[in-house]
2 protein chains.
Amino acid sequence: MTDEQLASAARGPYPKGIARRQEILDRAIEVFARRGSKRTSLRAIAEEVGVTHAALKHYFGSLDELLVEVYRASESGGARPRHPEGATPVEVMRDAATRNREVPGLVQLYSTLVASALEEEHPAAREFATERFARQRETLAERVRRNQAAGRIRPDVDPVAVAALAIAASDGLQTQWLLDPDAPQEAALALLDELLAPPADPS
Amino acid sequence: MTDEQLASAARGPYPKGIARRQEILDRAIEVFARRGSKRTSLRAIAEEVGVTHAALKHYFGSLDELLVEVYRASESGGARPRHPEGATPVEVMRDAATRNREVPGLVQLYSTLVASALEEEHPAAREFATERFARQRETLAERVRRNQAAGRIRPDVDPVAVAALAIAASDGLQTQWLLDPDAPQEAALALLDELLAPPADPS
DNA sequence: GTCTATACGTCGATAGAC
DNA sequence: GTCTATCGACGTATAGAC
């Protein structure tokens, strides 16, 4: 089976199909953003988008795959802040968290995807989450190294451990904050940032 | 409506009913422990427990409530390590994480409950998660204060922020580790512990 | 290729018999 | 207190219209 045939089976490689798929995805994203955390079934999305649920299946293969695509698009859709080279990993996560707060239901969607990823019968969600965590750890670890070289993060900490910690903290604090807006999300992230800074040097 | 009537509607207040409920719950816990992260529907659980799904509903009200009860019991069921008064909050979370690893499916169950808690139509899960986070933050913050008084944690950090951070880190690192056993769970928690320790004092 | 119509099996929930 | 019967909704699968 060629790559083209594979792609065809899953989503249609031809201009018309690709465009249609994107069109449906755009509508779906809009529906999610408007709905907030409300219930989302394949059939409900299909109805709001204006097609049958079988059409969604045709383009996306499964509900999980559609949800992954919607999350990917929603996440990268907002205003991208372009962090300066030297921004702290925690600062990056904090900006992401702030942006997430603007999009209703996005954190819920993420949480659902991660929970599904932990169960065997959701391969699409699992692949998404595993890949995303791995890539995030890599990217952030590299940023830690840059910060260490610039003297902005203590040199005696393992970059990968810092990355994993920052991701975990960001994810966990967002859900705590969503359940209880009094939970100290910003304060806790700021705290982590300070803890990672090198000991004060009264040069 | 009296408390007794309320309890009756939900779970049966009379000795026989209570005993039966506990009996069913015990079987359900055993089923979960044996099954690992496998699929869990009200009907599947009922079949393995040896009753109909209607009976489960009678005693637990909803699938969510049953899952919450199973998680509560599984979590507190294992060997309780009784931490020394002076144990660090991170040490406490690390022990909990280690224990969780021994019970297949427990972290998945927790993750499912938290994800459900973020959606409006799961009040039982939401109440469970909100309460649990709040209580955990309180308990851990108190522990932070004790550690600060004893000079084991730097005095200049906010106890509640530390507690929220430790919980988030523990939760997030467990899911990262589950998706990728190479993810630095222990290392990241150890790192957080070190960061919270007071600056070395060469007395 | 794109999409609809239709059907299958399972789900959580509910009503009423016993 | 526990069952059977039934409900509407779900994700998925497939045949075939165009």
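Per chain, numbering begins at 1; letters A, B, ... match sequence-line order. For the numbers below, each heavy atom of this structure counts, side chains included, while hydrogens, waters and symmetry mates do not.
Nearest to the side-chain atoms of A:T52 among the listed nucleotides D:dT12, C:dC11, C:dT4 stands C:dT4. Side-chain proximity of A:A55 to the nucleotides D:dC3, D:dT12, C:dT4 is greatest for C:dT4. Taking the side chain of A:L42 as heavy atoms from C-beta on, and the options C:dA13, D:dT12, D:dT4, the nearest nucleotide is D:dT12. Of the candidate nucleotides D:dT12, D:dT14, C:dT14, D:dT14 has the atom lying nearest to any side-chain atom of A:A54.
The pair A:E186-A:R94 meets the salt-bridge criterion, since a charged nitrogen lies less than 4.0 angstrom from a carboxylate oxygen. Looking at A:E48 and A:R34, a side-chain N of the basic residue comes within less than 4.0 Å of a carboxylate O on the acidic one, giving a salt bridge.
Not one side-chain nitrogen or oxygen of A:S41 sits closer than 4.0 Å to the OP1 or OP2 atom of D:dA9. Regarding contacts with the backbone of D:dA13, a side-chain N or O of A:K57 is found under 4.0 angstrom from either OP1 or OP2.
Between the CZ atom of B:R43 and the P atom of D:dA5 there is a distance of 13 Å, given to the nearest Å. When the C1' atom of C:dT2 is taken as reference, atom CD1 of A:I18 falls 14 Å away, rounded to whole Å. When rounded to the nearest whole Å, the span between CG of B:L56 and P of D:dC3 equals 9 Å. Put simply, CG on A:D64 is 16 Å from P on D:dC10, counting in whole angstrom units. For B:L66 and C:dA13, the CG to P distance is 11 Å, given to the nearest whole Å. A:E65 places its CD atom 13 Å from the C1' atom of D:dG11, with the value rounded to the nearest Å. Atom NE2 in B:H58 sits about 17 Å away from atom P in C:dG16, given to the nearest Å. Between B:E121 atom CD and C:dA13 atom C1' there is a gap of 15 Å when expressed in whole angstrom units.
Side-chain N or O atoms of A:E91 include one that pairs as donor or acceptor with a backbone N or O of A:T88 at under 3.5 Å.
The closest side-chain donor-acceptor pair between A:Q176 and B:R137 falls under 3.5 angstrom.
Within 6.0 Å of CD in B:E121 there are more than 12 heavy atoms belonging to other residues, nucleotides or ligands.
Projected onto DNA chain D by closest heavy-atom contact, B:G50 and A:H53 fall at different nucleotides, the more 5' of which corresponds to B:G50.
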